[in-house]
Amino acid sequence: MEKIHLPQPKVKELHAVCKEHDNDPGELINILHAAQEIFGYLPREVQEMVAAELHIPVSRVYGVVTFYSFFTMTPKGKYPISVCLGTACYVRGAEKVLDEFQRQLEIKIGETTPDGLFSLDCLRCVGACGLAPVVTIGGKVYGRITPEKVRDILSEYYIREE
């Protein structure tokens with residue numbers, strides 16, 4: 001596995017976060033949330049740094065990162081897409097919407113487009129069941145999505161990049 005280079009300003013920021021939390025292992029989840037905000041994801045190198053700062057085994061950090069679905073060890077796109085597959089959304093066609101996102105972006109669930117713009121995931125419930133099927137993109141909620149609407153939604157984001 002190839003080692004990645006972490007930018008020094010971000011490394012310093014993470015050291016400061018750990019220090020703010022008194023390098024307390026009891027603050028691991030809060031520190032990991034901050035680390036993911038700083039780096040966008042939690043690669044092995046970040047986990048090793050957090051473990052060293054908190055004087056705990058890397059295995060403990062890894063265990064927390066892999067247990068909670070909020071944390072990710074792979075880089076996400078600039079615009080992370082999540083398709084809700086909860087019951088209401090699923091019954092109303094979310095799987096077809098997900099298939100269309102995969103087709104249009106030419107990626108599978110858990111992957112990021114080569115240009116780094118989009119990553120694709122699914123989740124269990126957004127809490128907007130009355131708008132099913134629901135998709136979130138970078139925190140924005142789209143309701144009553146059909147496969148036919150996917151191209152127009154994606155084009156909004158491509159236009160922003162031009």
For this session: Take L123 and L85, measure what side chain to side chain contact (heavy atoms under 4.5 Å, CB included) needs, and give me the verdict at the end.
Result: CA-CA 6 Å; L123 44 81; L85 294 180; over 6 Å; no

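- Residue G40 comes nearest to T72 through the heavy atom pair O-CG2, 4.1 Å, listed as atom of the first residue, atom of the second, then distance.
- Note on ring orientation: taking the six-membered ring where Trp is involved, the planes of Y158 and F118 are perpendicular (angle over 60°, cut-offs 30° and 60°).
- The two residues A94 and V83 come nearest to each other via the heavy atoms O-CG1, 3.9 Å.
- Taking NZ of K78 as the reference point, atom OG1 of T112 lies at 14.0 Å (rounded to 0.5 Å).
- In this structure, a donor-acceptor pair under 3.5 Å is present between the side chains of E95 and Y90.
- Taking K140 as the reference, Y142, E156, Y157 meet the side chain to side chain contact (heavy atoms under 4.5 Å, CB included) condition, with sequence neighbours excluded.
- The shortest non-hydrogen separation linking F39 to P7 is CE2-CD, 4.4 Å.
- Proximity of L28 to V61: side-chain heavy atoms (C-beta onward) are separated by under 4.5 Å at one or more points.
- Scanning both residues, N23 and P25, for their nearest heavy atoms gives O-CD, 3.4 Å.
- In plain terms, the two heavy atoms of H21 and N30 that are nearest each other are CE1-CB, 4.0 Å.
- Two residues are said to be in side-chain contact when any heavy atoms from C-beta on lie closer than 4.5 Å; M49 and H15 meet this criterion.
- Residues satisfying the salt bridge (charged side-chain N to carboxylate O under 4.0 Å, His left out) criterion with K10, sequence neighbours excluded, are absent altogether.
- Across R92 and G130, no two heavy atoms sit closer than the pair NH1-O, 4.0 Å.
- Residue pairs meeting the salt bridge (charged side-chain N to carboxylate O under 4.0 Å, His left out) criterion with at least one partner in residues 97-110, sequence neighbours excluded, are E100-R103.
- Within the 3.5 Å criterion, the main-chain N or O of I4 finds a donor-acceptor partner in the side chain of E45.
- In this structure, the side chains of I81 and T136 stay at 4.5 Å or more apart for every pair of heavy atoms.
- Using modelled atom types, no side-chain atom of K76 and backbone atom of E111 make a donor-acceptor pair closer than 3.5 Å.
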